Amino acid sequence: MLVWRLSRSYLVQNHTRFIHSSRDIIYATNVRIGNLFRVGNINHARKLFDEMPKRDVVSWNTLITGYWKNGLFQESKRLFDIMPLRNVVSWNSMIAACIENRFIDAAFEYFQNMPDRNIGSWNAMISGFIKCEMDDEAVTLFEQMPRRNVISYTAMIDGYAKKGQIKKARELFDSMPIRNEVSWTVMISAYVESDQFNEASDLFSRMPCKNVVAVTAMITGYCKEGKMEDARVLFNEIQCRDDVSFNAMITGYAQNGRGEEALRLLIDMRRYGLRSDQYTLVSVLAACSSLASLIEGKQIHALVYKYRFDTDVSVSNALITMYSKSGCLPDVEQVFEKICSPNIVSWNTIIAAFAQHGIYKKTLGFFERMKFYGIEPDGITFLSLLSACGHAGMVMESLYWFDLMKNTYNMAPRSEHYACLIDILGRSGQVENAYKMIQDMPFEADFGVWGALLAGCRFSLNIKLAELAAQKIMKLDPKNSGAYVMLSNIYAASGLWRKVTQVRRLMKVDRVKKQTAYSWIEIGNTLHYFVGGDVSHLAIDDIHTVIKQMYSHMEAVEDIA
DNA sequence: CGAGAGCCAT
């Protein structure tokens with residue numbers, strides 16, 4: 001009897017604790033449906049929904065959101081139309097769905113038609129306008145909305161930042177009543193993006209609670225400044241590193257010419273238990289490109305296949321550059337032809353690849369194909385075309401492309417285009433014409449333009465122009481040793497030894513140090529370094545013998561040509 | 001169930 005009573009009370013107790021009201025069942029099922037959609041199991045999610053004896057508005061909303069997040073916008077729309085009862089979230093979800101599919105007008109229609117809006121509706125619509133670069137509309141809504149929260153402000157700040165209106169972004173940031181870590185991060189990355197490192201750093205130091213996202217933005221800032229050691233310190237301080245922070249650090253190394261460290265960090269990343277994604281692969285491929293190390297590049301290419309990123313355009317573009325820098329032109333073409341829809345970067349990349357190897361015909365061919373596919377060339381395309389002419393020594397053609405760019409495509413040449421053209425003119429001994437071109441430029445010549453002129457002067461030993469160009473460069477970039485070295489070389493080639501000594505002395509006074517140039521090659525696991533005049537290599541005599549043979553061979557070939 | 005942030009290629 002006692003046992004019976006005990007067990008009965010036990011049962012009653014637990015019954016009340018575990019019994020599911022129909023509301024609980026609906027709630028649990030909704031959560032399950034949402035989770036199934038999140039892992040892309042659409043059919044199973046739908047089956048659960050269909051089998052529900054009773055559904056609430058959240059069930060419908062979960063279904064609607066699940067469909068458009070899996071790329072089935074039309075089904076979301078259909079469900080929205082037939083659902084028995086809608087709440088504000090149903091409407092907001094449809095707004096988000098339209099925005100995701102770039103139907104901004106449809107989104108606004110939902111926004112206007114909905115019976116009542118909450119702050120989320122306004123925020124969704126504002127960020128939609130910002131995504132579609134309709135800033136005026138975003139501002140109008142922001143000003144019209146009855147209440148604003150931290151998300152409204154943050155979305156607007158990000159919008160201003162993306163438009164390059166950093167000042168306005170900052171004003172809003174300062175004026176907002178409450179800031180959270182997202183607002184701080186948006187503002188910091190706005191400064192990083194617009195190369196205002198000190199402002200970014202200042203904000204970062206004042207940020208009360210630094211999460212991994214903000215730290216990653218700051219790491220990017222340090223990397224852009226070339227301060228890799230500082231970036232690494234920040235990176236090491238992160239408590240829980242994620243794929244994005246690893247990618248930022250790897251990219252930093254790759255972009256600062258520290259390919260070995262980028263590759264090493266890729267290994268660390270995998271050891272840390274993180275999978276590399278397309279961002280990682282693009283960056284380590286860039287690292288391989290700068291190292292011109294084909295073996296590692298091919299290994300990464302294998303990873304690209306393994307992780308199924310071989311259809312990613314950016315990855316393919318990075319592969320093209322890698323193979324091009326290693327001189328594997330057949331692989332360059334092979335990767336390119338496998339891209340389903342090459343974008344402007346793909347075309348520019350392959351054009352640049354053949355341009356850099358002086359294969360003018362192929363360069364031209366890809367340019368024609370690009371036009372045939374209806375991709376409009378941009379400034380970078382023309383830069384590649386110009387550089388192709390430079391590598392092939394074709395002055396007339398370069399002037400043709402320059403003219404085509406200006407007059408047929410109505411594009412304003414940038415200083416890089418001028419620098420390229422001036423380089424070509426200089427190499428062909430036309431420094432006077434090159435100087436004329438500088439004088440006719442619609443804007444002030446920069447470091448690159450004067451550098452190209454100075455470099456050109458060594459072909460015709462034009463002392464006057466060389467001195468002028470060197471002077472300009474020293475003014476624009478006082479720490480740069482290149483101008484001093486180049487000028488002194490031109491003096492030396494002209495037999496002006498007293499002037500050579502003068503420049504050397506000037507370098508000491510200005511405390512400019514010549515950077516030693518070196519080249520290297522990796523054979524097996526050994527790295528062989530070579531500096532100019534360096535005879536320390538064990539096989540230096542053999543090397544010199546081979547070089548002499550190559551020179552005489554080249555001369556012989558040139559005679560035939 | 002809906003709204004805001006960091007990393008990629010010429």
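Model, not experiment: these values are computed from the prediction.
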TODO: Tell me which residues in residues 49-82 of chain A put a heavy atom below 4.0 Å from DNA chain B, sorted by number, or none.
DONE: V58(A), N61(A), T62(A), T65(A), K69(A)
Open item on the list: Check K47(A) with D50(A), please: is the shortest side-chain N to carboxylate O separation under 4.0 Å?
Closed with: no
Task: Sugar-phosphate only, base, or nothing, as touched by T349(A) at under 4.0 Å among non-hydrogen atoms - done: sugar-phosphate
- [ ] Quick one: label K325(A) by what it contacts on the DNA or RNA (base, sugar-phosphate, nothing), any heavy atom closer than 4.0 Å.
- [x] nothing
Task: Phosphate-side-chain proximity, K210(A) and dG6(B), N/O vs OP1/OP2 below 4.0 Å - done: no
Task: Residues, nucleotides or ligands: over 12 heavy atoms within 6.0 Å of R32(A) CZ - done: no
Task: E193(A) atom CD: more than 12 heavy-atom contacts under 6.0 Å - done: no
TODO: Measure from the side chain of S121(A), starting at C-beta and using heavy atoms only, and say which of dG2(B), dC7(B), dC8(B) lies closest.
DONE: dG2(B)
Task: Check: Y191(A) ring centroid to F197(A) ring centroid under 6.0 Å - done: no
TODO: Ignoring the backbone of V182(A), work out which of dA3(B), dC1(B), dA5(B) is nearest its side chain.
DONE: dA5(B)
Open item on the list: Is the distance between the ring centroids of Y67(A) and F73(A) under 6.0 Å?
Closed with: no
Task: Value in whole Å for how far the P atom of dC7(B) lies from CG of D268(A) - done: 21 Å
- [ ] Give a yes/no answer on whether the side chain of R241(A) brings an N or O atom under 4.0 Å of OP1 or OP2 in dG6(B).
- [x] no
- [ ] Report the nucleotide, chosen from dA9(B), dG4(B), dA5(B), that has the shortest atom-to-atom distance to any side-chain atom of E181(A).
- [x] dA5(B)
Open item on the list: Categorize N180(A) for me: base, sugar-phosphate, or nothing, with a 4.0 angstrom heavy-atom threshold over every strand shown.
Closed with: base
Task: dC7(B) OP1/OP2 closer than 4.0 Å to side-chain N/O of Q278(A) - done: no
- [ ] Take atom CG of L172(A) and atom C1' of dA5(B), then tell me their distance rounded to the nearest Å.
- [x] 15 Å
Open item on the list: List the residues meeting ring pair (Phe, Tyr, Trp, His ring centres under 6.0 Å) with Y279(A), not counting sequence neighbours, and say none if there are none.
Closed with: none
Open item on the list: So R86(A), base contact, sugar-phosphate only, or nothing? Heavy-atom distance under 4.0 Å.
Closed with: nothing
Task: Candidates dT10(B), dC1(B), dA9(B) - which lies nearest the side chain of N87(A) - done: dC1(B)
Open item on the list: Counting the atoms with a prime plus P, OP1 and OP2 as sugar-phosphate, which does Q356(A) contact under 4.0 Å by heavy atoms, base, sugar-phosphate, or nothing?
Closed with: nothing
Open item on the list: Checking contacts here: which listed nucleotide (dA5(B), dC7(B), dG4(B)) is nearest the side-chain heavy atoms of S183(A)?
Closed with: dG4(B)
Task: N317(A) CG to dT10(B) P, straight-line distance once rounded to whole Å - done: 9 Å
Open item on the list: I need the OH-C1' distance between Y110(A) and dA3(B), as an integer number of Å.
Closed with: 18 Å
Task: Touch class at under 4.0 angstrom, heavy-atom based, for N211(A) against every strand present - done: base
Open item on the list: Centroid distance below 5.5 Å plus an interplanar angle below 30 degrees: do Y279(A) and dC8(B) meet both conditions?
Closed with: no
- [ ] Check every strand shown and say whether N118(A) touches a base, only sugar-phosphate, or nothing at a heavy-atom separation below 4.0 Å.
- [x] base
Open item on the list: Looking at S93(A) and dG2(B), is any side-chain donor or acceptor paired with a base atom of the opposite kind under 3.5 Å?
Closed with: no
Open item on the list: Using a 4.0 Å heavy-atom cut-off, does V212(A) contact any base of the nucleic acid, only the sugar-phosphate backbone, or nothing at all?
Closed with: base
Task: Touch class at under 4.0 angstrom, heavy-atom based, for N149(A) against every strand present - done: base
Task: Selection from dG4(B), dG6(B), dA9(B) that lies nearest to any side-chain heavy atom of T185(A) - done: dG6(B)
- [ ] Report which part of the nucleic acid V150(A) touches: base, sugar-phosphate, or nothing (heavy-atom distance under 4.0 Å, all strands).
- [x] base
- [ ] Tell me whether the guanidinium CZ or amine NZ of K210(A) lies under 6.0 angstrom from the six-membered ring centre of F204(A) and within 45° of its axis.
- [x] yes
Open item on the list: If you only use heavy atoms from C-beta on, which nucleotide in dC8(B), dG2(B), dT10(B) is closest to the side chain of I380(A)?
Closed with: dT10(B)
Task: Gap between atoms CD and P, on Q239(A) and dG6(B) respectively (whole Å) - done: 22 Å
- [ ] Among dC1(B), dG4(B), dG2(B), find the nucleotide with the atom closest to the side chain of I151(A).
- [x] dG4(B)
- [ ] Using a heavy-atom cut-off of under 4.0 Å over every strand shown, decide if V186(A) touches base, sugar-phosphate, or nothing.
- [x] sugar-phosphate
Open item on the list: Tell me the interatomic distance from L141(A), atom CG, to dG4(B), atom C1', rounded to whole angstroms.
Closed with: 15 Å
Task: Atom pair distance, as rounded to whole Å: CD1 in I250(A) and C1' in dG6(B) - done: 15 Å
TODO: Consider the side chain of V244(A), meaning its heavy atoms from C-beta on, and name the nucleotide among dA3(B), dA5(B), dG6(B) that approaches it most closely.
DONE: dG6(B)
Open item on the list: So that I know where these two stand, are F235(A) and F246(A) an aromatic pair - ring centroids less than 6.0 Å apart?
Closed with: yes
Task: Integer-rounded Å distance: dA5(B) P and N123(A) CG - done: 12 Å
Task: Nucleotide of dC1(B), dC7(B), dG2(B) approaching T251(A) most closely (side-chain heavy atoms) - done: dC7(B)
TODO: Cation-pi check, K227(A) to Y222(A): give yes when NZ or CZ is under 6.0 Å from the six-membered ring centre and within 45° of the ring axis, no otherwise.
DONE: no
TODO: Using the ring pair (Phe, Tyr, Trp, His ring centres under 6.0 Å) rule, collect all pairs that involve residues 118-145 of chain A, keeping only residues at least two apart or in two chains.
DONE: F108(A)-F129(A), F111(A)-W122(A), F142(A)-Y153(A)
